[in-house]
Amino acid sequence: MRDVLISELIVGPAVDALAERFDVLSLPDLWKNEAALRAQIGHFRALMVRNQTPVTAELIASAPALLIVGRAGVGLDNVDLQAASAAGIVVSSTPDQNAISVAELVIGLMLSLVRSILPADRDTRNGNWARHCFVGSELYGKTLGIIGAGKTGYLTARRAQAFGMKVLASDPYLTPDNILLRELQAELLDIDELLHRADVVSCHVPATPATVGMFDAARFSRMKPTAFFINTSRGKIVREADLAAALKAKIIAGAALDVRENEPPEPGELELLPNVVLTPHIAALTVEAQERVTSAICDDVARVLEGKPARNAVAARLPSRPHC
Ligand code: MLT
């Protein structure tokens, strides 16, 4: 029996250290080939993934010795948690390690949108000097609406407050007496009320059956025509066709998407709109965040392989299937 299979690009000193203690096989493109992944997984006690390996019930059924799935990141939409739990497999993720990087990217996207930085750059590269075509607006005094006020939403709000923004939050899991909301002096609102009042909306929501498609034509129609929409969480929460229609009809002023309904996306209408900023799911991709993420996930994988409880388990902290 082998120890750790890594099916996506996960590298760094923590992986090297893990490989000194355990038998690690790293195949960064394995996620692309389901049959090859299924052929390999039966030989391993641990699997390390990012967001692209589909850890399905079928894959889990092919993994009789698997004790832990280590998800290097936050979102768990590529892991069938129910199937893993039913099989007694620990699923561990790294919920807080990339929150700062995501929050910083949101601030960058927000500034890009309100100051048209990318259109101005493209225009200037084309030899123009059209200063008066790029009159922007300040963030100061504007209202940021955070949808999903977990760690990343909270850190984004703190940074926005440094620009003098007011903060609104919407989160079905929080109550107004939540300590972080109180610290932010943020009003907790129903989502539709938040959309109606915010100048910038930033989403920090996992993809679940309840959230997929939650940003549709009806939701965009509740936003101000001057408002900007930013999504760095999960692409499937947005109906992109509805977003493109809202932008074209000037129902909202602009949007920035780091995550897409399908990744990688087929280039379509959004790619043609000037008031859209698109990045390829890079919010968590900073040297610092990746170091933290990799180190936390390698630590949990090592712990479980040694029979210790995982620190960042999503469900069970110890596998309930026998070690072999
Ligand atoms: C996350 O969920 O941690 C980020 O979206 C990055 C990733 O999925 O790898």
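We count residues from 1, following the sequence as given.
- Across all their heavy atoms, P274 and P119 have their closest contact at O-CG, 3.6 Å.
- Using bins of under 30°, 30° to 60° and over 60° for the plane-to-plane angle, the ring pair F215/F220 lands in the tilted bin.
- A salt bridge links K224 to D199: at least one charged side-chain nitrogen sits closer than 4.0 Å to a carboxylate oxygen.
- No more than 12 heavy-atom neighbours from other residues, nucleotides or ligands sit within 6.0 angstrom of CZ on R158.
- With respect to the salt-bridge test (charged N to carboxylate O, under 4.0 angstrom), the residues D77 and K236 do not qualify.
- Summarising the local packing, CZ of R122 is surrounded by more than 12 heavy atoms from other residues, nucleotides or ligands at distances under 6.0 Å.
- S7 and T53 are linked by a side-chain donor-acceptor pair at a separation below 3.5 angstrom, with hydrogens and angles left out of the test.
- No hydrogens or angles considered: nothing links the side chains of D80 and T56 as a donor-acceptor pair under 3.5 Å.
- Around the NE2 atom of H281, the shell of radius 6.0 Å holds more than 12 heavy atoms that belong to other residues, nucleotides or ligands.
- In the model, T232 has no side-chain atom that pairs as donor or acceptor with a side-chain atom of D258 under 3.5 Å.
- A salt bridge is defined here as a Lys NZ or Arg NE, NH1 or NH2 lying under 4.0 Å from an Asp or Glu carboxylate O, and E240 with R260 meets this definition.
- A salt bridge does not link D216 to R239: none of the charged nitrogens lies less than 4.0 Å from a carboxylate oxygen.
- Salt bridge E306/R21: present, at least one basic N to carboxylate O contact under 4.0 Å.
- Looking at heavy atoms from C-beta onward, L168 lies out of side-chain contact with E193 at the 4.5 angstrom threshold.
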For this session: Determine, step by step, whether R45 and R2 satisfy the side chain to side chain contact (heavy atoms under 4.5 Å, CB included) criterion, reporting the C-alpha distance in whole Å, the side-chain angles of both residues, the deciding distance to 0.1 Å, and the verdict.
Result: CA-CA 7 Å; R45 299 196 295 148; R2 303 192 64 179; over 6 Å; no
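- Here Y140 and F163 keep their ring centres 6.0 angstrom or further from each other.
- At distances below 3.5 Å, at least one donor-acceptor pair connects side-chain atoms of D300 with backbone N or O atoms of N312.
- Checked by atom type and distance alone, the side chain of E8 pairs as donor or acceptor with a backbone atom of Q52 at under 3.5 Å.
- Between M214 and I147 the shortest side-chain heavy-atom distance falls below 4.5 Å.
- For the residue pair N78 / N51, no side-chain donor-acceptor distance below 3.5 Å is found, with atom types taken as modelled.
- Looking at R197 and E187, a side-chain N of the basic residue comes within less than 4.0 Å of a carboxylate O on the acidic one, giving a salt bridge.
- The 12-atom threshold is exceeded at CD of E271, counting heavy atoms of other residues, nucleotides or ligands nearer than 6.0 Å.
- Using a 4.0 Å cut-off between a side-chain N of Lys or Arg and a carboxylate O of Asp or Glu, D192 and R219 qualify as a salt bridge.
- Summarising the local packing, CD of E138 is surrounded by 12 or fewer heavy atoms from other residues, nucleotides or ligands at distances under 6.0 Å.
- Checking T94 against D96 by side-chain atom types alone, no donor-acceptor pair falls below 3.5 Å.
- A heavy-atom distance below 4.5 Å is found between the side chains of L18 and M48.
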